[in-house]
Protein chains: 2
Amino acid sequence: MDKIDRKILTLLQKDATMPVAEIGRKVGLSTTPCWRRIQKMEEDGVIQRRVAVLDPAKVNVGVTVFVSVKTNEHNDAWMRKFSAVIDEFPEVVEFYRMSGEVDYLMRVVVPDIGAYDAFYKKLISKINLTDVSSAFAMGQIKYTTALPLDFAIVVDDDK
Amino acid sequence: MDKIDRKILTLLQKDATMPVAEIGRKVGLSTTPCWRRIQKMEEDGVIQRRVAVLDPAKVNVGVTVFVSVKTNEHNDAWMRKFSAVIDEFPEVVEFYRMSGEVDYLMRVVVPDIGAYDAFYKKLISKINLTDVSSAFAMGQIKYTTALPLDFAIVVDDDK
DNA sequence: GCTGAAACAGTTTGTTG
DNA sequence: CAACAAACTGTTTCAGC
């Protein structure tokens, strides 16, 4: 991974439809070497996939709720069970195991508070949760799928 | 938006490189009408863009931190200022205005705790924040850019 | 409004400097 | 390694149903 790879990734994180020839032009490479670099980063799994990003409001999931869960079950089996349950809910778009006060945190997207309540009831019917608290977002000020590349390890082999 | 549109979006949210002909085959449509539907959803802004999704660990941002901010400044001007500051930090990938206890919540991605500390110092040097608390994620169990389509309004004009 | 085919653009591969 | 060009694959447009 060198500076050119980073530039390529920056461009692809913004717009994955950009022709390889144009990417090449922008990073100072012709089509073939640029294409090979992209190919390699896909093989290496640096680029995981290319996806379409939708407008949440336009598909009627304009409300985000952060759900914090505390539990007494601090074991691997329970975590797997919980993960499996969450996997079945497409409205849970992010799910983290936390350190500190809260044990798990998830981001849930729904149309409105009513739909959140329905989700909540369905969730607690599927798994026994000790302590759940919900925080509603009044607005999404920033959301990006683009990761910062400032920390990426630059190997820059020979030059 | 009808059931076919939803199927198309489901496929494109998973893999935006799929040829239109193949999408058509999967939803029971030939290339042209399928292409027109996709085109229309892009014009309408339902599909916002197509992006490359990277592996966080492979670009050295394997650690997620949720940062909660409470403030006394409950006015629009301050919010704009705060937003503008946050926009400058690529490590902040999500930023929400919250209801309840916490006023703002952001998700920050960094390589390690040291980098988080550097981020934190830089942040508080740019804007005066009353009460900041950080919660570290020990692991990302689920992360998807795919929104649930179960809530999307089905218009289904004539049929 | 769909199908099928033709025209076009972009990708992918191979040959050469 | 990069450039160039040929072959291929997918996209976009258009005529006919």
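Within every chain, numbering begins at 1; the chains are lettered A, B, ... in the order of the sequence lines, protein sequences first and strands thereafter. Treat the numbers as computed from the prediction; the structure is a model and nothing was measured. What you see below is based on every heavy atom in this structure, not just the backbone, and it leaves out hydrogens, waters and symmetry mates.
Using a 4.0 Å cutoff on non-hydrogen atoms, the parts of residues 8-20 of chain A near DNA chain C are A/P19, A/V20, ordered by number.
Using a 4.5 Å cut-off between side-chain heavy atoms of Ile, Leu, Val, Met, Phe, Trp and Tyr, A/V53 falls into a hydrophobic cluster with A/V51, B/V51, B/V53. The hydrophobic cluster around A/F66 extends to A/Y96, A/M98, A/V102, A/L105, A/Y143, B/F66, B/Y96, B/M98, B/V102, B/L105, B/Y143, counting ILVMFWY residues whose side-chain heavy atoms fall within less than 4.5 Å of a member.
What separates CD1 of A/I38 from P of C/dG10 is a distance of 14 Å, to the nearest Å. Following rounding to the nearest Å, B/E43 (CD) and D/dT12 (C1') show an atom-to-atom distance of 14 Å. Between B/Q39 atom CD and D/dC14 atom C1' there is a gap of 16 Å when expressed in whole angstrom units. Between the CG atom of B/D5 and the P atom of C/dG1 there is a distance of 12 Å, rounded to whole Å.
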N/O donor to acceptor pairs below 3.5 angstrom from side-chain atoms of residues 82-93 of chain A, sequence neighbours left out:
residue: A/S83; atom: OG; partner: A/M79; partner atom: O; Å: 2.8

Under 3.5 Å donor-acceptor pairs involving side-chain atoms of residues 68-77 of chain B, not counting sequence neighbours:
residue: B/K70; atom: NZ; partner: B/E101; partner atom: OE1; Å: 3.2
residue: B/T71; atom: OG1; partner: B/E73; partner atom: N; Å: 3.0
residue: B/E73; atom: OE1; partner: B/N75; partner atom: ND2; Å: 3.3
residue: B/H74; atom: NE2; partner: B/T71; partner atom: O; Å: 3.0
residue: B/N75; atom: OD1; partner: B/A77; partner atom: N; Å: 3.4
residue: B/N75; atom: OD1; partner: B/W78; partner atom: N; Å: 2.8
residue: B/D76; atom: OD2; partner: B/R80; partner atom: NE; Å: 3.0
residue: B/D76; atom: OD2; partner: B/R80; partner atom: NH2; Å: 2.9

Output side-chain donor-acceptor pairs under 3.5 Å for residues 12-26 of chain A, partner residues at least two apart or in another chain, one line each.
residue: A/Q13; atom: OE1; partner: A/L147; partner atom: N; Å: 2.7
residue: A/Q13; atom: NE2; partner: A/L147; partner atom: O; Å: 3.0
residue: A/D15; atom: OD1; partner: A/T17; partner atom: N; Å: 2.9
residue: A/D15; atom: OD1; partner: A/T17; partner atom: OG1; Å: 2.6
residue: A/D15; atom: OD2; partner: A/T17; partner atom: OG1; Å: 3.4

Check: residues 118-128 of chain B side-chain donor-acceptor pairs under 3.5 Å, at least two apart:
residue: B/K121; atom: NZ; partner: B/D117; partner atom: OD2; Å: 3.0
residue: B/S125; atom: OG; partner: B/K122; partner atom: O; Å: 2.7

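Among residue pairs with one or both ends in residues 58-68 of chain B, those qualifying as salt bridge (charged side-chain N to carboxylate O under 4.0 Å, His left out) are B/D55-B/K58; sequence neighbours excluded.
For C/dT12, one of the phosphate oxygens OP1 or OP2 lies less than 4.0 angstrom from a side-chain nitrogen or oxygen of A/W35.
Under a 3.5 Å cut-off, the side chain of A/N60 and the backbone N or O of B/I153 do not form any donor-acceptor pair.
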Which atom pairs link the protein and nucleotides 2-6 of chain C when you take only N or O atoms and keep those under 3.5 Å?
residue: C/dT3; atom: OP2; partner: B/S30; partner atom: N; Å: 3.1
residue: C/dT3; atom: OP2; partner: B/S30; partner atom: OG; Å: 2.6
residue: C/dG4; atom: O6; partner: B/T32; partner atom: OG1; Å: 2.7

